[in-house]
Each structure stands twice: as structure tokens, then as C-alpha cells.
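Okay, structure first, notes after.
Just so we're on the same page: letters track the sequence lines, and every chain starts at 1. Heavy atoms only: backbone and side chains are in, while hydrogens, waters and symmetry mates are out.
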Number of protein chains: 2
Amino acid sequence: MTKKVQKRDAEASRRRIIENAIALFSKKGYAGASMDELAKMSDLNKAMIFYYFKNKKGLYEAVMHEILQEIYEAILAENKLHDNPLEELEGFIRTYASFACAHPYLPALLLKELSDSGAVIPETLFASMRKLFALFSDILRRGEAQGIFHDVIPMVLYFTVLGTLNLMVTTKPLRVKAAQLDDIEVDTCAECDIDEIADYLIRKIKLMLQQEER
Amino acid sequence: MTKKVQKRDAEASRRRIIENAIALFSKKGYAGASMDELAKMSDLNKAMIFYYFKNKKGLYEAVMHEILQEIYEAILAENKLHDNPLEELEGFIRTYASFACAHPYLPALLLKELSDSGAVIPETLFASMRKLFALFSDILRRGEAQGIFHDVIPMVLYFTVLGTLNLMVTTKPLRVKAAQLDDIEVDTCAECDIDEIADYLIRKIKLMLQQEER
DNA sequence: CCTTTAATTAACTAGTTAGTTGATTATAAA
DNA sequence: TTTATAATCAACTAACTAGTTAATTAAAGG
């Protein structure tokens with residue numbers, strides 16, 4: 001089944017818009033992203049954006065839904081490979097880290113959204129974000145019930161993991177630049193790759209959770 | 001010395017602009033903040049903004065410099081009260097937390113800036129941000145040298161602390177809202193106040209650093 | 001081949017944006 | 001009191017904003 005060369009392909013046009021919108025929103029933020037620019041990037045008339053997504057907010061909603069769904073599915077698939085909280089937690093962190101690194105728009109968009117306290121986000125996204133947290137929370141709660149984790153506050157630990165990984169990804173260019181001018185002695189970890197960072201974080205989170213308070 | 005009522009006071013006007021700009025940028029982001037709106041908020045003609053700050057970027061620079069300087073001084077002052085790395089680390093986290101809570105524009109602006117990877121940020125700010133990290137890094141390095149901290153990567157731990165605290169502050173409204181609709185069982189920590197969170201984080205960070213890897 | 005429908009476009013609107021200009025005040029120094 | 005200067009403002013520009021409209025073209029079904 002050879003794909004026939006069509007001049008019109010609704011599905012493809014829609015995807016082109018979404019794909020470019022992800023890049024644009026994550027680079028410039030919601031307010032900074034121009035629909036004129038997006039149309040040019042996507043090689044389509046601007047009216048098409050509104051034809052497919054009604055308005056800018058609708059497009060943003062679609063973009064956020066898309067990426068949250070993607071990361072959720074990746075993590076859920078990984079999660080099914082394990083059957084104990086410790087391995088599940090490791091898997092969560094590792095999968096999130098490598099996904100975030102492979103798709104750096106995720107951290108950028110997530111941090112922008114969260115730093116706004118959901119200024120743009122509508123109800124539906126709200127639900128998507130909670131699904132991911134619910135999964136994380138469940139892992140920790142089960143671990144606690146089994147006596148392998150102690151003193152657990154899932155919400156805080158969730159942001160510890162997301163905060164660390166997201167910031168390490170988004171600040172990468174900044175940190176590399178800092179390492180180059182290199183006037184003072186601080187190590188900005190410019191060379192670390194994300195898997196090392198994930199390993200380190202996992203090691204540390206284990207110490208956090210497996211030890212009783214001293 | 002009674003303050004004479006003047007119709008013109010450059011210092012006061014400048015401050016009014018900066019003060020309102022902090023609120024506006026942290027609420028709407030760089031692109032979303034309108035200079036027309038800022039002028040109205042500040043009860044001044046828009047031209048005054050450009051008279052004092054040259055352009056929007058210059059204003060943003062001044063705003064960021066202001067708040068980074070403020071938090072740096074608060075933390076430095078606290079730091080001088082202690083003389084061992086463990087207490088210094090505790091002080092750092094606690095001071096950052098309570099400052100961030102009292103001035104929630106700080107987390108909002110910092111997360112926005114960092115999620116942009118310095119899209120707007122100029123060289124001068126870059127330096128300001130590093131000063132804070134250098135202080136944190138130094139505490140950890142000394143602790144490691146004294147054998148009370150182990151397996152230290154300051155950059156990662158820095159973002160662990162900042163990520164956790166900033167996200168807990170900025171998401172507060174979102175979490176409260178989530179707790180209200182409360183359809184599923186997840187605990188969003190809506191009631192926790194920032195000092196409890198800081199205590200929890202300190203406890204956990206200590207476990208991270210004081211234990212050898214098992 | 002004709003008709004219907006879905007996809008696409010050019011051209012437009014009405015409002016907003018950052019930034020400018022030149023005149024006009026208030027204040028303090030001479 | 002005059003003069004110089006610093007602070008303020010109204011009115012403007014040119015570019016850009018999200019979103020609309022009505023006409024046009026391509027494809028698919030009968």
C-alpha cells in the first residue's frame with residue numbers, strides 16, 4: 001500500500017500544526033507564540049490553525065494533552081514490567097528522565113505551565129496531570145504499606161523528582177555556557193548526561209525513602 | 001524630617017514601576033506583560049517606563065536583578081549565623097523556603113526564566129544566579145571535605161532543593177483547587193504550609209547526604 | 001461526469017504591541 | 001526672579017496580534 005501523493009491531507013496538516021506548535025510553545029511560551037509564525041513554519045495558511053483548533057487556547061490544549069498523554073503512556077508501559085514498588089519507582093524516574101531528554105519540550109512546557117499555576121490550563125489538562133501524579137503516589141503508598149518506604153509525602157517527592165529532572169534538562173544549554181566562560185570554580189555539571197543524573201537521583205531517593213529518620 | 005509632599009519624585013516613580021513590574025512579569029511572563037498595563041498600574045505615563053529603563057528587556061533585567069539580589073542577601077545573612085555545613089545547609093533551605101513563600105513572585109519568575117534556558121536573561125543576571133549556586137555548592141563541598149556529606153553533586157542537589165520548593169509554592173493554588181473537587185484519592189498536600197515542607201525536605205536531604213551508599 | 005463536501009487560500013478586521021516625539025510642567029540652583 | 005534641568009504627559013507610529021470571511025480548489029461518491 002503505497003501512500004498516494006495527495007495535495008490535501010487533513011490528518012497530515014493537523015499533525016504538522018501540532019508538531020510545530022509543540023516546538024513553538026515550548027520555546028516562546030503561550031503568550032509569546034505567534035499564530036502567524038506557526039502558520040509559516042507549518043507551510044499552511046493561518047486560517048487552517050483556526051479551522052482545526054478553533055482558537056489559540058484550543059491549540060494549546062491539544063498540544064498539552066498530546067504530550068501529557070505520551071509521557072503517561074511511556075511511564076505506564078514501563079510500570080507494567082515491574083511488580084514491586086522499589087523497581088517501579090526506579091522505572092518511573094528513569095523513564096521520565098530519558099523521555100524528557102529525548103523530548104525537551106516536555107520539561108519546558110511543564111515548568112511554564114506549573115509556574116503559572118495553570119493560568120492557561122483548562123480542566124481536561126488538569127486531569128491529565130493528575131493521572132501521572134496518581135501513578136507516582138500509588139507506587140509510594142504501596143511501598144510504605146509494605147514497610148520498604150518510610151515517612152512518605154508523595155506530593156513533595158513528586159516535585160522533587162520532576163523539579164530536579166526538568167530543571168536539569170531545561171538548563172542544559174545555560175550550564176554548558178557557564179562551563180565555557182568558566183571564570184569561577186563552580187561545577188555546573190555540563191558534561192553529565194541525563195542517565196547519569198537519573199542514576200544519581202534514584203540512588204539518593206532510595207536513601208531518602210528506605211532509611212528511617214535518625 | 002517630614003517627607004515633603006512632592007508632585008515629582010523620580011525615586012518613588014522608579015520604584016513604583018519596578019514593584020508593579022515584578023507582580024506583572026511573575027503573573028504573565030515576559031511576553032505576556034504589557035507595558036501599557038504596567039503604566040496604568042503604576043499611575044504613570046507609559047513613556048516613563050522607557051525613560052527609566054530604556055526598553056522592556058532593560059526593565060525585565062532590573063526586575064530580575066532586584067529579586068536575585070534580595071534573596072541572595074537574605075540567604076547570605078542567614079548563612080553567617082552558622083559555622084558548620086549541616087546547619088548552613090538547613091539555613092539555606094529554610095531561608096529560601098520562607099522567602100519564596102513570602103514573595104511568591106520569586107519562584108514564578110525563576111521557573112519561567114529557567115524553563116526558557118535564558119531566552120531573555122542577559123549576562124548580568126547569569127552572574128547573579130551563579131552567586132547563589134556558588135554559595136550552595138560551597139556548603140556542600142566543605143561538608144564533603146569534613147566527611148559529613150557523601151556522594152555530592154552540587155548542581156543536581158541545588159535543583160532538587162529549588163525545584164521542590166519552587167514548585168510547591170507556585171502550584172499551591174492548583175493543589176488547593178484539586179483538593180476541593182477531590183474526585184479521586186490523591187493527596188495534593190493542599191494544607192501543608194511551607195515551613196512543614198521545608199522541614200520535611202531538610203530531613204530527607206540529610207538522609208541523602210549523610211548516609212553512605214548501601 | 002456531475003455534485004457534494006472537505007481542505008485551503010488571500011484578504012481582511014479590529015485591537016494591541018513596544019517604543020518615540022515634542023511639548024509641558026515642576027523643582028532646584030543661580 | 002530667571003534659568004536650567006529633570007520629570008511627566010498626550011498623542012502618535014508602525015508593526016504585529018488573534019481571529020474572520022467568502023471565495024476557491026481538490027477529492028470522493030454516485
Find the distance [X]:[atom1] to [N]:[atom2] and express it as a whole number of Å.
{"X": "Leu24(A)", "N": "dA18(D)", "atom1": "CG", "atom2": "P", "value": "10 Å"}
{"X": "Arg15(A)", "N": "dA7(C)", "atom1": "CZ", "atom2": "P", "value": "16 Å"}
{"X": "Glu11(A)", "N": "dA26(D)", "atom1": "CD", "atom2": "P", "value": "21 Å"}
{"X": "Met48(B)", "N": "dA26(C)", "atom1": "CE", "atom2": "C1'", "value": "12 Å"}
{"X": "Asp43(B)", "N": "dA7(D)", "atom1": "CG", "atom2": "C1'", "value": "15 Å"}
{"X": "Phe53(A)", "N": "dA18(D)", "atom1": "CZ", "atom2": "C1'", "value": "16 Å"}
{"X": "Arg8(A)", "N": "dA26(D)", "atom1": "CZ", "atom2": "P", "value": "6 Å"}
{"X": "Asn45(A)", "N": "dT9(C)", "atom1": "CG", "atom2": "P", "value": "6 Å"}

Backbone N/O of Ala23(B) and side chain of Ser26(B): donor-acceptor pair under 3.5 Å
yes
Pairwise distance CD1(Ile93(B)) to OH(Tyr96(B)) - rounded to 0.5 angstrom
12.0 Å
Among residues two or more places apart or on two chains, list those pairs meeting side chain to side chain donor-acceptor pair (under 3.5 Å) that have a residue in residues 41-52 of chain B.
Asn20(B)-Ser42(B)
Give a yes/no answer on whether the side chain of Ser13(B) brings an N or O atom under 4.0 Å of OP1 or OP2 in dT8(D).
yes
Ignoring backbone atoms, test whether Tyr51(A) places a side-chain nitrogen or oxygen under 4.0 Å from the OP1 or OP2 oxygen of dA7(C).
yes
Checking Lys56(A) against Tyr30(A): charged group under 6.0 Å from the ring centre and within 45 degrees of the axis?
yes
If you count every heavy atom of other residues, nucleotides or ligands that lies below 6.0 Å from His103(A) atom NE2, does the total exceed 12?
yes
Nearest-neighbour nucleotide for the Leu44(A) side chain, dA7(C), dT9(C), dA26(C) considered
dT9(C)
Look at Asp138(B) together with Arg142(B) and state whether they make a salt bridge at an N to O cut-off of under 4.0 Å.
yes
All N/O pairs under 3.5 Å across the protein-nucleotides 16-18 of chain C interface:
| residue | atom | partner | partner atom | Å |
| --- | --- | --- | --- | --- |
| dA18(C) | OP1 | Ala33(B) | O | 2.9 |
| dA18(C) | OP1 | Lys56(B) | NZ | 2.9 |
| dA18(C) | OP2 | Met35(B) | N | 2.9 |
| dA18(C) | N7 | Lys46(B) | NZ | 3.0 |

What about Asp9(A), does its side chain sit under 3.5 Å from the base of dA7(C) through a donor-acceptor pair?
no
Mind checking what makes ring-ring contact (aromatic ring centres under 6.0 Å, His included) contact with Phe53(A), not counting sequence neighbours?
none
So Ala47(B), base contact, sugar-phosphate only, or nothing? Heavy-atom distance under 4.0 Å.
base
